[in-house]
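Side chains included, hydrogens not; waters and symmetry mates left out as well; all remaining heavy atoms used. One-based numbering along the sequence shown.
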Amino acid sequence: MVKIVKRESCGIQPVYDIGVSQDHNFLIKQGLIASNCFNKSHSTAYAYITYQTAYLKANYPVEYMSALLTASSDNQEKVEKYRENCQKMGIEVQPPDINRSQRDFTPSGDTIILFGLSAVRNLGEGAIENILNAREAAGGSFKSLGDFCTRVDLRTVNRRALETLIYCGGFDSIKSNRQQLINDLEVVISWAQTKAKEQASGQTNLFDLLGNNNANEGNFDQEPTSKPVEDFPLDEKLRLEKENLGFYVSEHPLKSLQKSARLLSPINLEQLPDKKAREKVSTVVIINNLKKIMTKKGEPMAFIQLEDVSGQAEGVVFPSIYKKIEANLQVNNPLIVWGQVEHKDEQSQLIIDDIQPVEIVKIVIIDLDVNDALDNVKNNNLKGIIQEQSGDKTEAKIPVIARLKMGNESKLIRFGQNFWVQNAASLAEALTNAGFAVQVSSLT
């Protein structure tokens, strides 16, 4: 560490730098000169590494992203960020699989990366090594939960690790019903421990002898199971997956809403940086994290972490809005958010104006045929009724859609936001009284 004792202009001196436009050289002890610029060799090395990295990403994207994910496997935030990049590049990151996953993220074909066990929560190095060694032994791939539990060391691969593997889809290739596997876990662990004790003491179960030529392999048709149950509902399965992996891998809970949500003209969170400051937008998201704080005036406000299928962004709820939407600030529930874009410190965030659960959001659909669309009298009548029902434009958040019938086909046409309304039922009643065919529908 060099300590600068004083600064003064020294003119042009024989120092190695990339060139400075003004006096940026410093006088240090013993009459030596130092420069605050990178030297040429340093800059060249960085440029060379940048070129190599760009080449690998462009020509070997699956291998490159696998290596990047592996290098960040101990950092959940970075893994999620790189997984999102994979999605944008058309690369699928598949869930962990006890029969296929390695310690690291591994390429599988031209567009697939298999999740690495090192990035699964509650799996230490010892547990991963034990699983891989058991799989590579004579038994090969695991055939069932019972097979797995008898071949690994349950002191190393403990119950918490087994639950995590089940919740994140690690056993799906063996049995896709995750709730059944969780319910079976208690009896299977006990059964496997009993078998391990018998083998350690040299005892052999009569049924194993009758069912197999090799008693040590065990008869897994006889492994115990609990009462049959249905699998977790999709939303619960994804919630548990997020809880145990840190993010969704099988499917995003907003995926099923993408098509219907387009009627609300939302943006994706990845588009925030491209929007102008203070531009009003809407987006369909899930709240990952909520931090409530009190201002100096003792008023509540919140910082929220938003997520959609494209990525994540921060949202800010100021005190003037917080009280109005507090009941709708629900973590892990699909929400429609309205707000203004703000760019700060090279980051983009959303200043929240309103939030509503997606399931209560309504849209008004008006059925029109070609003749109706070409009738100026009907058009003016329709326009007048909608504008009359719009009310306060800042509070009008219900879109109006025209379903134009053309022979056996129909096309949805969204009216501009100037024609959105506050009350769907009130507009539907007014249009029905005027002779229009109207339907109030939800997004879900």
Side-chain angles (χ1 to χ4, degrees), residues 76-88 92-93 95 115 121 167-169 178 232-273 275 280-293 301-318 321-322 324-342 347-363 397 399 442-444:
Q76 212 72 47
E77 187 175 335
K78 285 187 176 181
V79 170
E80 169 61 359
K81 176 184 175 182
Y82 296 143
R83 191 191 66 83
E84 290 171 5
N85 288 342
C86 287
Q87 183 178 339
K88 295 172 186 176
E92 178 188 0
V93 180
F115 206 93
R121 292 177 179 176
Y167 285 137
C168 70
R178 298 181 190 178
F232 295 114
L234 179 59
D235 57 347
E236 178 68 4
K237 180 184 286 188
L238 294 177
R239 184 191 69 79
L240 291 167
E241 192 170 283
K242 176 75 178 285
E243 187 178 298
N244 287 274
L245 269 186
F247 41 83
Y248 309 104
V249 175
S250 298
E251 181 181 319
H252 198 283
L254 295 179
K255 184 178 179 181
S256 60
L257 290 172
Q258 279 186 296
K259 186 175 181 180
S260 58
R262 290 176 192 159
L263 297 173
L264 296 171
S265 63
I267 65 165
N268 289 331
L269 292 178
E270 67 175 355
Q271 297 174 285
L272 280 182
K275 298 297 179 180
K280 292 187 176 183
V281 298
S282 66
T283 182
V284 177
V285 298
I286 283 176
I287 296 179
N288 279 340
N289 188 40
L290 187 152
K291 181 181 180 182
K292 178 181 176 182
I293 63 173
M301 65 174 291
F303 294 95
I304 56 179
Q305 187 71 26
L306 307 173
E307 177 184 338
D308 67 6
V309 293
S310 71
Q312 299 184 0
E314 184 181 80
V316 182
V317 184
F318 285 113
I321 302 296
Y322 183 88
K324 183 177 78 169
I325 67 171
E326 180 179 9
N328 292 330
L329 292 173
Q330 303 167 2
V331 176
N332 293 326
N333 281 355
L335 304 167
I336 174 77
V337 175
W338 293 269
Q340 299 179 50
V341 179
E342 182 178 85
Q347 298 291 327
S348 299
Q349 60 184 16
L350 202 57
I351 307 303
I352 307 299
D353 290 331
D354 198 6
I355 291 180
Q356 290 183 9
V358 168
E359 63 264 22
I360 71 169
V361 175
K362 303 295 182 184
I363 56 177
K397 297 183 173 69
S442 63
L443 288 180
T444 56

Taking atom [atom1] of [X] and atom [atom2] of [Y], what is their separation to the nearest 0.5 Å?
X	Y	atom1	atom2	answer
Asp354	Ile325	CG	CD1	6.5 Å
Lys280	Ile351	NZ	CD1	13.0 Å
Ile286	Gln312	CD1	CD	11.0 Å
Thr283	Leu269	OG1	CG	4.5 Å
Lys292	Ile304	NZ	CD1	14.0 Å
Ile355	Asn333	CD1	CG	11.5 Å

Check whether any side-chain heavy atom of [X] sits under 4.5 Å from a side-chain heavy atom of [Y], and report yes or no.
X	Y	answer
Phe247	Arg83	yes
Glu270	Glu84	no
Lys242	Asn288	yes
Asn328	Pro357	yes
Val284	Asp308	no

Side chain to side chain contact (heavy atoms under 4.5 Å, CB included) assessment of Gln87 paired with Val93: CA-CA 8 Å; Gln87 183 178 339; Val93 180; over 6 Å; no
ring-ring contact (aromatic ring centres under 6.0 Å, His included) involving Tyr82 - partner list, sequence neighbours excluded: none
Lys237/Glu241 ion pair, N-O < 4.0 Å: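 Salt bridge absent between Lys237 and Glu241.
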[X] and [Y]: which non-hydrogen atoms are nearest, and at how many Å?
X	Y	value
His252	Leu238	C-CD1, 4.2 Å
Ala313	Ser348	CB-O, 4.4 Å
Val361	Gln356	CG2-OE1, 4.1 Å
Pro399	Lys362	CD-O, 3.6 Å
Asn268	Ser310	CB-OG, 3.4 Å
Ile287	Gln330	CB-O, 4.0 Å

Tell me if the [atom1] atom of [X] is crowded by more than 12 foreign heavy atoms within 6.0 Å.
X	atom1	answer
Gln76	CD	yes
Lys88	NZ	yes
Lys324	NZ	yes
Lys81	NZ	no

Which atom pairs, donor and acceptor, lie under 3.5 Å between side-chain atoms of residues 335-342 and protein residues at least two apart or in another chain?
unit_1, atom_1, unit_2, atom_2, d
Glu342, OE1, Gln349, NE2, 2.5

Val281 and Gln271: CA distance, side-chain angles, deciding distance, side chain to side chain contact (heavy atoms under 4.5 Å, CB included) verdict: CA-CA 10 Å; Val281 298; Gln271 297 174 285; over 6 Å; no
